[in-house]
Number of protein chains: 2
Amino acid sequence: MYSILKHAFNSISPITEDDWLLIEPLLKIKEYPKNDYYLTAGQTEEQIGFIIKGSFKWYYINKKGEEVNFHFFFNNNFVVDYNSFISSVPSSMNIQAMENSTVIHLPKRSKILELYSQSHTLERFGRIIAETVYIEGSLRMQNFLFLNAEERYRNLLKKHPDIFQRVSLANISSYLGIQAPSLSRIRKRISKQ
Amino acid sequence: MYSILKHAFNSISPITEDDWLLIEPLLKIKEYPKNDYYLTAGQTEEQIGFIIKGSFKWYYINKKGEEVNFHFFFNNNFVVDYNSFISSVPSSMNIQAMENSTVIHLPKRSKILELYSQSHTLERFGRIIAETVYIEGSLRMQNFLFLNAEERYRNLLKKHPDIFQRVSLANISSYLGIQAPSLSRIRKRISKQ
DNA sequence: ACCTTTTCTTAACTTAGGTTAAGTGTTTCT
DNA sequence: AGAAACACTTAACCTAAGTTAAGAAAAGGT
């Protein structure tokens, strides 16, 4: 059951057998029925999760009370408010299951820092994760800065066509930073070409 | 001369004397006259710099040939295309001096990775830097996602009023993700309140 | 199969911000 | 000081996207 996580680790950066043995006994599995919260605003993220089944949305509630999606998390990926996790500051966002989901919980931050101290290679692993997550965030930022709504839509369609099978257009429009009617307009415009 | 860098390091995360002695002999100082490039599109970022005097802009040239500022770097801060630096991929952006500037160059990526291997505490230091940089990027992203142009302007005015003394409004408008006339409109609107 | 609820699209109108170009200050250079 | 270059503002017009509300389509529940 945990081998899928080990495999995911290895695809980011090879993990030593010793390091894996430090981590494995601390893992736990948890189910999140659809619409359950992984994290709610005000909580401090203590743990990193790895999704083995399902998907989550990471969103913010704006001044008008609307959900603004910041990110989606899918199976075979980590789910975490990395910001809150790193800085141990309460999150201003929510993470909610969009489907019935299953998550492997890694040890909490304080325990992970302990493990880092015990193992130089694990500390390196932590560095590489942080760098990887930075690059992902940075690419998403560039996506927003340099592309307009239609380009962002085309980009998403090209890179994650599967998302459209699993996530409602209302959620996708919010993820693209636009309103639902705007997304409809864009889709109509494109379908006519 | 290098003590200012040591101090900057310590304010991010305490650095051991041994680690500092590994780094110090590898430092170099370089001058960048106003408008000189620290990095141009197509180059791969090899080094991290620490600005002891001056400022830089990090920008992208869009399809219409206009500069779009992504970030400003000021004295007492690092200057780096962290994305290109981490992934050793050519940068798609430029970093250019906005004032006559002086920079301490840290060793290049390959050398830094060597140092990480030699010292667990230095590896930890690298992890903390990556995490810190991630949080900065993430805050800037949220700034864009959740605030409109006027709110971003007010935010900048509140958090970095000094920028307005050192950077032209053309550069600032680009940093805020808007055109110069829009920034003028916003400034006029606010001044009437 | 039927009703309810949710999801998606469409239309009409509004608004923030983009575009272009002209105009007014400021620096800077000789 | 005068010319040139640059920085900033303003105005008039345009466009992409927001807003609101109504309708069509699809999905779910009984």
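In what follows, chains are A, B, ... by sequence order, proteins preceding strands, each numbered from 1.
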Between B/Y153 and B/F164, is the gap from one ring center to the other below 6.0 Å? yes
Rounding to a whole Å, what distance do you find between A/L183:CG and D/dG18:C1'? 14 Å
Closest of C/dC8, D/dG18, C/dT20 to the B/P181 side chain is C/dT20
Residue B/S168, side-chain atoms from C-beta onward, closest of D/dA17, D/dC8, C/dC8: D/dC8
Separation of atom CD in A/Q165 from atom P in D/dA27, rounded to whole Å: 12 Å
Cation-pi geometry met for A/R124 and A/Y116 (6.0 Å, 45°): no
Hey, is the side chain of B/R187 poking within less than 4.0 Å of OP1 or OP2 on D/dT9, counting only N and O atoms? yes
Nearest to the side chain of A/A149 - D/dA11, D/dT19, D/dA17? D/dA17
Electrostatic pair B/E46-B/K111, nearest N-O below 4.0 angstrom: no
Quick one: is the NZ or CZ of B/R152 closer than 6.0 Å to the six-membered ring centre of B/F144, and within 45° of its axis? yes
How long is the line joining CZ of A/F144 and C1' of D/dA16, in whole Å? 15 Å
What I want to find out is whether B/E45 reaches B/K108 closely enough, with some N-O distance under 4.0 Å, to be called a salt bridge. no
Output the rounded distance in Å from OH (B/Y153) to P (C/dG17). 14 Å
Could you check how far CG of B/L176 sits from C1' of C/dA16, rounded to whole Å? 15 Å
Partners of B/I61 by side chain to side chain contact (heavy atoms under 4.5 Å, CB included), sequence neighbours excluded? B/Y59, B/E67, B/N94
For the pair made of CE in B/M98 and C1' in D/dA7, what is the distance, rounded to whole Å? 15 Å
How are the rings of A/F50 and A/F78 set relative to one another: parallel (under 30°), tilted (30 to 60°) or perpendicular (over 60°)? perpendicular
So, is A/K34 close to the D/dG28 phosphate, meaning a side-chain N or O under 4.0 Å from OP1 or OP2? no
Using the side-chain heavy atoms of A/N148, tell me which of these nucleotides is nearest: C/dC8, D/dA11, D/dA17. D/dA17
Taking five pairs at each end of the helix from C/dA1-D/dT30 to C/dT30-D/dA1, what angle separates the two helix axes (nearest 10°)? 40°
In whole angstrom, what separates A/Q179's CD from C/dT9's P? 15 Å
B/S184 or A/S182, whichever maps to the more 5' nucleotide of DNA chain D: B/S184
Side chain of A/R185 only, heavy atoms from C-beta on: which candidate in D/dA17, C/dC8, C/dG18 is closest? D/dA17
A/E66 CD to D/dT19 P: how many Å, rounded? 6 Å
